[in-house]
Amino acid sequence: MFSVLSYGRLVARAVLGGLSQTDSRDYSLVTASCGFGKDARKGILKKGMCYGDDACFIARHRTADVLGVADGVGGWRDYGVDPSQFSETLMRTCERLVKEGRFVPTNPVGILTSSYCELLQNKVPLLGSSTACLVVLDRSSHRLHTANLGDSGFLVVRAGEVVHRSDEQQHYFNTPFQLSIAPPEAEGVVLSDSPDAADSSSFDVQLGDIILTATDGLFDNMPDYMILQELKKLKNTNYESIQQTARSIAEQAHDLAYDPNYMSPFAQFACDYGLNVRGGKPDDITVLLSIVAEYTD
């Protein structure tokens, strides 16, 4: 009996030891971006990682990889305000906070809150509104922490299936949750949500998991099954392959956005609200495509 128990303990130690070795590896995200403004040529980036009124960032810190997308609310253009300035400044501030190490990987809402507070305190007047989605991979714990405010979002794909996705936040049809800075005379009139209203989630990821983070220009024009078909073309984890797949997804979404006969996810959603809508939804599109890989310094 003693020998059986001893053997059992040795086996358990060997198994646990093997798991410990596996778990000791740090993870990272290999990420590529692609997108375009609805009025611009495909793949053209404005200064500051912007596609039209969309903005994004990809930042690396010794403890985590962090990325984000934001969609500037186009309605501000009617008041002489460039909608891209708000989304770009928000993402640029998030990126700087991450690179300076002024964040906690388990709290992406904290990054969003700190960035938004800096915008509110900015000596240079800034007006506008934006949705935002942040994704943080904690290297050592292998956990993904997310914060999504509005109708941008993310998918996590494993073995060809969506295993996690963000929840869209809408006040009512086509009116997403958003961070805003309004002129004094419009405060209380302009829709403005708190960063704390962002939907948060945390979960484990595995090597090889695919994370797609995008603005609503993608999700309004491509349903999950089309996105999954494109992701099947991703054969390895090198940057060139990821970049090619990200471009393929963004271009297909762009083509569908201008198809008047296509029953897009946006059109289906509109029909659910009793609206007679058909076709794609022309919009700015930003796609960040990531694969979870073993960290290499």
Side-chain angles (χ1 to χ4, degrees), residues 29 31 33 45-77 79-138 145-154 166 169 176-202 213 215 284 286 288:
L29 296 179
T31 303
S33 68
L45 267 173
K46 286 168 46 179
K47 182 180 178 182
M49 290 287 281
C50 285
Y51 298 101
D53 298 335
D54 287 357
C56 61
F57 77 94
I58 303 167
R60 172 168 284 199
H61 185 264
R62 60 181 175 78
T63 61
D65 282 330
V66 186
L67 50 89
V69 297
D71 179 5
V73 177
W76 282 95
R77 193 170 281 107
Y79 301 93
V81 175
D82 179 356
S84 70
Q85 290 186 352
F86 188 93
S87 54
E88 179 185 358
T89 306
L90 181 68
M91 292 292 94
R92 191 171 65 240
T93 305
C94 287
E95 180 181 17
R96 176 174 53 77
L97 292 174
V98 171
K99 290 183 175 180
E100 292 174 353
R102 296 165 55 191
F103 75 106
V104 178
T106 57
N107 184 23
V109 172
I111 303 173
L112 199 57
T113 300
S114 297
S115 180
Y116 181 53
C117 286
E118 282 202 20
L119 266 60
L120 289 172
Q121 298 166 5
N122 199 330
K123 294 180 181 179
V124 179
L126 178 69
L127 302 177
S129 305
S130 174
T131 66
C133 180
L134 300 186
V135 173
V136 182
L137 173 66
D138 188 317
H145 306 281
T146 70
N148 185 57
L149 185 80
D151 56 3
S152 295
F154 69 89
S166 55
Q169 294 178 311
F177 283 34
Q178 54 200 262
L179 302 176
S180 300
I181 298 179
E185 63 272 16
E187 289 182 0
V189 178
V190 171
L191 197 63
S192 182
D193 297 286
S194 165
D196 291 333
D199 180 63
S200 302
S201 62
S202 297
T213 311
T215 53
D284 305 318
T286 296
L288 301 183

* Asked: Are side-chain heavy atoms of L179 and P195 found at a separation under 4.5 Å?
  -> yes

* Asked: Going by atom types only, do D54 and T286 share a side-chain donor-acceptor pair under 3.5 Å?
  -> yes

* Check for a donor-acceptor pair, side chain of S115 on one end and backbone N or O of L90 on the other, with a separation under 3.5 Å. => yes

* Structure fact -> Heavy-atom closest pair (L97 atom, E118 atom, distance to 0.1 Å) is CD2-OE2, 3.7 Å

* To do: For residues M91 and L134, determine if any side-chain heavy atom of one lies less than 4.5 Å from a side-chain heavy atom of the other.
  => yes

* Heavy-atom side-chain proximity of F86 to V73 below 4.5 angstrom -> no

* **Polar side-chain atom of D53 near backbone of G74 as donor-acceptor pair, under 3.5 Å** => no

* To do: Just do the side chain to side chain contact (heavy atoms under 4.5 Å, CB included) check on Y116 and I181 with the steps written out, would you?
  => CA-CA 9 Å; Y116 181 53; I181 298 179; 4.2 Å; yes

* D65 versus R60, closest heavy-atom pair with distance -> OD1-NE, 3.3 Å

* Residues in side chain to side chain donor-acceptor pair (under 3.5 Å) contact with S152, at least two apart in sequence or another chain -> T131

* To do: Quick one: list whatever passes side chain to side chain donor-acceptor pair (under 3.5 Å) with S180, sequence neighbours left out.
  => S129

* Distance in Å, L191 CG paired with F177 CZ, rounded so as to fall on 0.5 Å steps -> 8.5 Å

* Asked: Would a 4.5 Å heavy-atom cut-off, applied to side chains only, mark V66 and F57 as touching?
  -> yes

* Would you confirm whether D71, through its side chain, and T215, through its main-chain N or O, come within 3.5 Å as a donor-acceptor pair? => no

* Apply side chain to side chain donor-acceptor pair (under 3.5 Å) to T93 and list each qualifying residue two or more places apart in sequence or on a separate chain. => none

Output a table of donor-acceptor pairs, distance under 3.5 Å, between side-chain atoms of residues 101-112 and any protein atom two or more places apart or on a different chain; print 'none' if there are none.
| from | atom 1 | to | atom 2 | distance (Å) |
| --- | --- | --- | --- | --- |
| R102 | NH1 | E100 | OE1 | 2.9 |
| N107 | OD1 | G110 | N | 3.2 |

* **All side chain to side chain donor-acceptor pair (under 3.5 Å) counterparts of E95, not counting sequence neighbours** => K99

* Where the side chain of D193 meets the backbone of Q178, is there a donor-acceptor pair that is under 3.5 Å apart? -> yes

* To do: Scan for salt bridge (Lys or Arg N to Asp or Glu O under 4.0 Å) pairs involving residues 104-115, sequence neighbours excluded, and state none if there are none.
  => none

* Which is it for D138 and H145 under the side chain to side chain contact (heavy atoms under 4.5 Å, CB included) test, yes or no, and what are the steps along the way? -> CA-CA 8 Å; D138 188 317; H145 306 281; 4.2 Å; yes

* **4.5 Å side-chain heavy-atom contact, Y79 and P183** => no

* **Y51 side chain near V69 side chain, heavy-atom distance below 4.5 Å** => no

